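Everything numeric in this text was worked out from a predicted model, so none of it was measured. By convention in this document, chain letters (A, B, ...) are assigned in the order of the sequence lines, proteins followed by strands, and residues within each chain are numbered from 1.
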Amino acid sequence: MSTSSQPQFRYTQTPSKVLHLRNLPWECAEEELVELCKPFGKIVNTKCNVGANRNQAFVEFADLNQAISMVSYYASSSEPAQIRGKTVYIQYSNRHEIVNNKSPGDTPGNVLLVTIEGVEPNDVTIETIHLVFSAFGFVHKIATFEKAAGFQALIQFTDAETASSARNALDGRSIPRYLLPDHVTSCYLRISYSAHTDLNIKFQSHRSRDYTNPYLPVNPTAMEGLLQPVVGPDGKKQEPQSNVLLASIENMQYAVTVDVLHKVFSAFGTVQKIAIFEKNGGTQALIQYPDVTTAAVAKESLEGHCIYDGGYCKLHLSYSRHTDLNVKAYSDKSRDYTISDPSLLATQVPGLPAAPNAWQNPQGVPVHHGTDYSASAAIQGQPPAGQVPAWDPNFQARPPYGSVPGQTYQSLTAPTYVNAARPAGSSPLSQPGASSMPMQQQQQPPWANVRQGGAAVLGRPPYYSR
DNA sequence: AGCACA
């Protein structure tokens with residue numbers, strides 16, 4: 001037993017129970033790793049397919065000495081460690097345990113989340129995606145969207161087995177070049193599992209398809225043109241108008257609840273739906289009106305204004321690409337005011353489950369690929385690779401804050417800012433002291449209750465142009 | 001052939 005007197009490599013690590021193995025054969029199976037390593041001790045965890053080429057892995061032994069014995073053995077062996085005849089390089093990992101070996105994206109399901117790397121969304125059509133993935137079985141639905149992680153698609157198969165075969169075959173591969181535009185040289189697919197089981201496709205469009213429902217209406221606006229900004233008469237880019245506003249809330253010193261937003265935006269017309277979510281570390285909300293005109297007026301009137309005096313909760317408004325939000329009727333982050341049928345409401349009373357699929361269907365979102373929405377959030381319900389939910393789709397509908405439907409949002413007031421130390425003069429948009437009073441549900445102009453002259457939204461009446 | 005995950 002000669003102690004290894006190898007030259008000190010630059011990357012020599014201090015011993016660890018975790019070994020880092022590289023130069024593995026493509027998609028080396030866990031069993032192959034185990035076969036190689038188990039003679040040296042008890043393996044308590046592995047992580048396979050690591051690295052850009054998915055040819056690295058980690059193996060964690062129960063005991064440090066076991067890891068040392070393996071490294072020592074191969075350091076002095078004349079036969080290198082091999083898997084499928086390929087030399088495997090082994091060293092101590094710079095970490096001491098394998099964490100989170102199974103990410104949610106590794107939990108098999110029938111829906112794949114595919115990130116298409118190295119392309120612009122226009123380079124890969126939904127037909128191409130459909131073609132590539134149909135090789136493994138019937139593709140039920142596809143929804144594509146853009147977000148921070150890049151161009152992504154959710155692809156729904158019949159079952160997890162089919163999805164798995166597609167994932168195993170395509171993960172890390174490139175879409176065949178002949179299916180891509182000339183300027184695209186490669187286009188790698190990163191594939192994980194989505195937590196979803198059934199996508200909610202609302203329209204056939206250039207961004208989404210439901211192959212199980214050929215009669216699904218074609219979205220007249222979604223088929224084209226959305227990627228190309230509308231150019232106004234002045235030649236400047238102009239975002240298409242919409243009945244849904246996207247509000248970014250800046251300097252959010254106080255809680256902005258659904259009710260607060262409802263109050264503010266109701267000044268300009270009926271608010272149908274509201275959804276609040278986190279995006280890029282900030283808070284955003286989608287507010288749906290029945291029509292574009294109302295939304296336009298609200299946008300004009302509220303842009304740049306603050307919900308509270310003192311520059312707090314400043315609103316920045318743009319048009320969303322959504323036209324109809326698919327939100328849960330009652331949650332702390334969303335509201336659907338169009339549901340007024342008492343019998344419907346009654347079904348969501350405490351103790352009863354909310355609408356069965358509601359949590360699976362934050363979809364109006366991903367399907368409509370809005371960049372103003374965290375598709376992953378809505379879609380995923382899981383936070384793997386850049387998929388942190390904007391709002392939690394798994395969040396079960398809470399019982400209404402009162403068992404009488406009509407009073408639901410009257411009683412849920414008690415906003416958190418009640419207890420927040422609030423600088424003098426920064427009154428919430430309802431009247432001072434409103435925190436302890438039921439919020440008025442009827443369409444009472446919010447400015448009516450607010451002292452005039454403030455910079456806050458509620459201090460001034462909305463401006464109605466034509 | 002050279003370190004994941006959050």
Side-chain angles (χ1 to χ4, degrees), chain A residues 4 6-34 36-37 40 43-62 64 66-68 70-109 113 115 117 147-150 152 167-168 171-172 188-195 278-281 374 376-377 379-394:
Chain A
S4 167
Q6 301 287 326
Q8 291 298 302
F9 294 109
R10 197 150 61 98
Y11 292 101
T12 296
Q13 306 288 327
T14 56
S16 164
K17 285 185 300 184
V18 181
L19 298 182
H20 176 219
L21 294 83
R22 53 206 155 80
N23 201 37
L24 296 166
W26 168 260
E27 297 230 326
C28 172
E30 184 185 30
E31 300 78 58
E32 296 175 286
L33 283 178
V34 170
L36 178 69
C37 301
F40 301 93
I43 297 161
V44 295
N45 207 350
T46 66
K47 185 166 187 63
C48 306
N49 298 327
V50 167
N53 297 324
R54 301 176 66 80
N55 62 351
Q56 300 174 43
F58 297 93
V59 172
E60 179 176 341
F61 283 102
L64 177 64
Q66 297 167 348
I68 292 174
M70 181 166 183
V71 170
S72 303
Y73 175 84
Y74 284 111
S76 57
S77 167
S78 53
E79 289 291 314
Q82 290 186 329
I83 290 180
R84 292 185 221 165
K86 233 184 144 199
T87 296
V88 175
Y89 299 87
I90 302 169
Q91 62 188 163
Y92 299 113
S93 171
N94 52 22
R95 300 189 199 183
H96 289 84
E97 61 176 348
I98 295 176
V99 294
N100 201 17
N101 188 38
K102 281 273 186 288
S103 70
D106 286 328
T107 305
L113 172 69
T115 303
E117 297 180 343
K147 59 187 302 292
Q152 296 188 308
R167 180 183 126 116
N168 291 338
D171 193 15
Y188 290 99
L189 305 174
R190 296 281 167 226
I191 305 180
S192 61
Y193 295 103
S194 165
E278 299 297 316
K279 176 79 184 246
N280 300 333
S374 172
S376 69
I379 282 192
Q380 295 303 326
Q382 66 188 23
Q387 307 173 16
V388 179
W391 83 48
D392 182 358
N394 292 315

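- Residue contacts for Asn23(A): at a heavy-atom cut-off of 4.0 Å it reaches the sugar-phosphate backbone alone, with no base atom in range.
- The nearest whole Å value for the distance from the CG atom in Leu33(A) to the P atom in dC3(B) is 17 Å.
- For the pair Val50(A) and Tyr89(A), nearest-nucleotide mapping onto DNA chain B gives the more 5' position to Tyr89(A).
- Within the 6.0 Å centre-distance limit, the rings of Tyr73(A) and Phe40(A) are counted as a close aromatic pair.
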Q) For Leu19(A) and Cys37(A), what are the C-alpha separation, side-chain angles and deciding distance, and is it a side chain to side chain contact (heavy atoms under 4.5 Å, CB included)? A) CA-CA 10 Å; Leu19(A) 298 182; Cys37(A) 301; 5.6 Å; no

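- Whole-Å rounding puts the Asn49(A) CG to dC3(B) P distance at 16 Å.
- Regarding Ile98(A), its CD1 atom lies at a distance of 12 Å from the P atom of dA4(B), rounded to whole Å.
- The separation between His20(A) atom NE2 and dC5(B) atom C1' is 14 Å, rounded to whole Å.
- Straight-line distance from the OH atom of Tyr92(A) to the C1' atom of dG2(B): 17 Å, rounded to whole Å.
- Residues that satisfy the side chain to side chain donor-acceptor pair (under 3.5 Å) test with Arg190(A), not counting sequence neighbours, are Glu117(A).
- Between the CG atom of Leu24(A) and the C1' atom of dG2(B) there is a distance of 13 Å, given to the nearest Å.
- Checking side-chain atoms of Gln56(A) against main-chain N and O of Gly51(A) turns up no donor-acceptor pair under 3.5 Å.
- With rounding to whole Å, Ile90(A) atom CD1 is found 15 Å from dG2(B) atom P.
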**Q.** Step-by-step side chain to side chain contact (heavy atoms under 4.5 Å, CB included) determination, Leu21(A) to Leu36(A)
**A.** CA-CA 11 Å; Leu21(A) 294 83; Leu36(A) 178 69; 4.0 Å; yes

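- Less than 4.0 Å separates DNA chain B from at least one heavy atom of each of the following residues of residues 53-62 of chain A: Gln56(A), Phe58(A).
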Q: Give the intermediate values and the outcome of side chain to side chain contact (heavy atoms under 4.5 Å, CB included) for residues Met70(A) and Val59(A).
A: CA-CA 11 Å; Met70(A) 181 166 183; Val59(A) 172; over 6 Å; no

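- The phosphate of dC5(B) has neither OP1 nor OP2 within less than 4.0 Å of any side-chain N or O from Arg95(A).
- One can place CD of Gln91(A) at 8 Å from P of dC3(B), the figure rounded to the nearest angstrom.
- Smallest separation of non-hydrogen atoms from Arg95(A) and Val18(A): O-CB, 3.6 Å.
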